[in-house]
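Side chains are part of it too, since the values below use all heavy atoms of this structure and drop only hydrogens, waters and symmetry mates. Every number for a ligand or one of its atoms is a count from 1 in the order of the listing.
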Amino acid sequence: MWVSRLALRDFRSYDALDLDLEPGVTAFVAPNGWGKTNLVESIGYLSRLRSHRVSQDLPLVRAGCEEAVVSARAHRGRRHVTAEVTIRAKGANRARINRTGVRVREILGLVPCVVFAPEDLGLVKGDPGERRDWLDSLLVARSPRYAGVLADADRALRQRNALLKNLRQRPDPGLEGTLDIWDRAFAEAAAALVTGRRRLLGDLEKHIAGHFSQLAADARESRRSAAAEYSSRIDYGSVDFSGEDARERTTEVVLEALASRRRKEIDRGLTLVGPQRDDVLLGIGGAPAKGYASHGESWSLALALQLAGWDLLREDSGDPDDQPILVLDDVFAELDSGRRARLAQTVAQAEQVLITAAVGSEVPEELTGAVVDLTGIARPL
Ligand SMILES: Nc1ncnc2c1ncn2[C@@H]1O[C@H](COP(=O)(O)OP(=O)(O)O)[C@@H](O)[C@H]1O
Ligand SMILES: [Mg+2]
């Protein structure tokens, strides 16, 4: 997969940008603040309908404008498609495929892309929410129907929380009866999401371990294996998440967990268990990564998580030549020379690699390709 043409209108700092791209490596070089991240963020957004650095869409629309447009012509073998999304400051976003209007979610999967960014260190060192977002984003990239599952889970959670908050302020047996309906809606959505996440993590495991040891600084480090395990406050005990009845079984377990916490949840006015509270426990050599791993090891693990996602998207396509685009936003500057070189070797296999760097010398020698001086096409602010 590669993008031959990227067009931006009022996206972030760009009023209008029309960029021709080649397969292989392209490095965008410019001092800080010139719009390097903005540029690659646009492709990441088109790929997953979410930014890798903000959870809301509004900052993506150029200040003072009503909407931003990101459009890319993507090539897969001899076929190509033009995917376009309009991000609106007010109102629902819109999408077009080959100039024909489609439901926004139909864009998902058309331009597969994995973005590496300095923020990725937060996957190892940050809060559970960062790991959940990473997992959910990959889940949607692999199977776009999970965009609906996520939206259902979020809606059910918000409605249940609103009801719990009401009940805390004003006990009302009649109203409490309606909680049963929301318990079921929440449990079903939660079960679909938790099952999807667990299966995904199961598929990722060996890839994470493999990339971690490949990126390791030395033999000692590579012997310490990396692990990623789903963690939840709900005890799912005997549920076999690969089984056919996994969703039904999980729904029942969530319902039991809600029932046993009902008084506590009403007292707190909040849903206390479920996928919104889950985490991925990362470990290196049997110890938790967070708080134990060195800076270099933490980076290896963060990169291994993203590379593992890239592996799965490649495997899913069934065609070894059809690879998601790799974006490396200001990442090499964060790494020591060994990890930099080993990461470069791995990413060099991708059909298209887009790199940003403040200075050309940050781009590893292993990656030869085009260098685009953004100061020639973007405007400083
Ligand atoms: N919605 C927006 N409207 C206008 N300018 C924006 C918007 N979002 C970000 N910017 C500007 O983009 C610049 C940062 O661009 P960025 O791509 O992060 O730079 P870098 O080259 O360092 O990666 C900042 O000066 C910021 O003010
Ligand atoms: Mg940047």
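The shortest N or O to N or O distance between Leu60 and ligand 1 is not below 3.5 Å. Between Asp329 and ligand 1, no N or O atom pair is found at a separation short of 3.5 Å.
With ligand atoms numbered from 1 in the order given, ligand 1 contributes 1 (N), 2 (C), 3 (N), 4 (C) to contacts under 4.0 Å with heavy atoms of Ala63. Near Pro59, with a cut-off below 4.0 Å to any heavy atom, the atoms of ligand 1 are 1 (N), 2 (C), 8 (N). Interface atoms of ligand 1 facing Thr37, defined by a heavy-atom separation under 4.0 Å, are 17 (O), 18 (O), 20 (P), 23 (O). Counting the atoms of ligand 1 from 1 in the order shown, those under 4.0 Å from a heavy atom of Gly35 are 15 (O), 16 (P), 17 (O), 19 (O), 20 (P), 21 (O).
Heavy atoms of Val61 found under 4.0 angstrom from ligand 1 belong exclusively to the backbone. Heavy atoms of Ala358 found under 4.0 angstrom from ligand 1: none, in either backbone or side chain.
Checked options Arg48, Arg50, Lys36, Arg12; the residue passing with Glu41 is Arg12 (criterion: salt bridge (Lys or Arg N to Asp or Glu O under 4.0 Å)).
The nearest pair of heavy atoms linking Ala228 to Ile208 is CB-CD1, 3.9 Å. Considering every non-hydrogen atom in both Asp322 and Glu351, the closest pair reads CA-OE1, 4.1 Å. The two residues Arg105 and Gly148 make their nearest non-hydrogen contact at NH1-CA, 3.5 Å.
Remark: Lys90 does not engage Glu66 in a salt bridge, criterion side-chain N to carboxylate O under 4.0 Å.
Comparing Arg53, Glu41, Arg12 against atom 18 (O) of ligand 1, the shortest heavy-atom distance belongs to Arg53.
Judged by distance alone, with hydrogens and angles left aside, the side-chain atoms of Arg132 form a donor-acceptor pair with the main-chain N or O of Asp278 at under 3.5 Å.
Residue side and main chain included, Asn32 places no N/O/S atom under 2.8 Å of the Mg ion (ligand 2).
Because its NZ or CZ atom is both nearer than 6.0 Å to the ring centre of Trp310 and within 45° of the ring axis, Arg314 counts as a cation-pi partner of that residue.
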